[in-house]
Amino acid sequence: MGPWVDVRTSDDGVQVKVGGRRARQVVCLSRYEGRLTDLATAAGEDLLVGGSVLGRHNITSVTLGRLLLDKSIPPLVVGRLRSTWLTSHLVANTPLPLIMQAAGLKTVRPLEDLLEFAPGYSTAEASRLLRTAG
């Protein structure tokens, strides 16, 4: 069986459970929680993102169309959903080991092109962070 996804709401927020070879829990960014739960509810047992279902040409297009109705959410490109999530965490300075664990990454290679969007640091801030690690 190939990878599968399940959307769940818990006390810790909305989580996306990804099955398959690199099974993991991915915590949804808080600004997307409401729309994701609405879309998951509307999808029922159908796929939310990816694939197609008889009678519905492309589920991803339907989902993307619903997301675009909400102007408070930045526009998403289907092929860049994971990159959007990863970049959001790089910009927020989420610890790299945590990003890699949540994304199911074994190397930093997929992050190389996204690192240019990570924040820069002043000399003083860089010194403080490098001196106080651990």
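Note that the numbering runs from 1 along the sequence shown for the chain.
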Measure the [atom1]-[atom2] distance between [X] and [Y] for me, rounded to the nearest 0.5 Å.
X	Y	atom1	atom2	answer
Leu129	Arg131	CG	CZ	11.5 Å
Ser30	Leu36	OG	CG	12.0 Å
Leu90	Ile99	CG	CD1	4.5 Å
Met100	Thr94	CE	OG1	14.0 Å

statement: Per side chain to side chain contact (heavy atoms under 4.5 Å, CB included), Tyr32 is matched among Thr37, Thr84, Val14 by Thr84
message: Set out, in order, the CA-CA distance, both residues' side-chain angles and the distance that settles side-chain contact (heavy atoms from CB on, under 4.5 Å) for Asp12 and Val27, then state yes or no.
response: CA-CA 8 Å; Asp12 296 324; Val27 178; over 6 Å; no
query: Linking I/L/V/M/F/W/Y whenever any side-chain heavy atoms sit under 4.5 Å apart, do Leu96 and Leu98 land together?
result: no
query: Would Leu115 and Trp85 show up in the same hydrophobic cluster when neighbours are defined by side-chain heavy atoms closer than 4.5 Å?
result: yes
message: Tell me which pairs pass side chain to side chain donor-acceptor pair (under 3.5 Å) where either residue lies in residues 101-122, with sequence neighbours left out.
response: Asn93-Tyr121
query: With side chains defined as the heavy atoms from C-beta onward, is the minimum distance between Glu33 and Thr9 less than 4.5 Å?
result: no
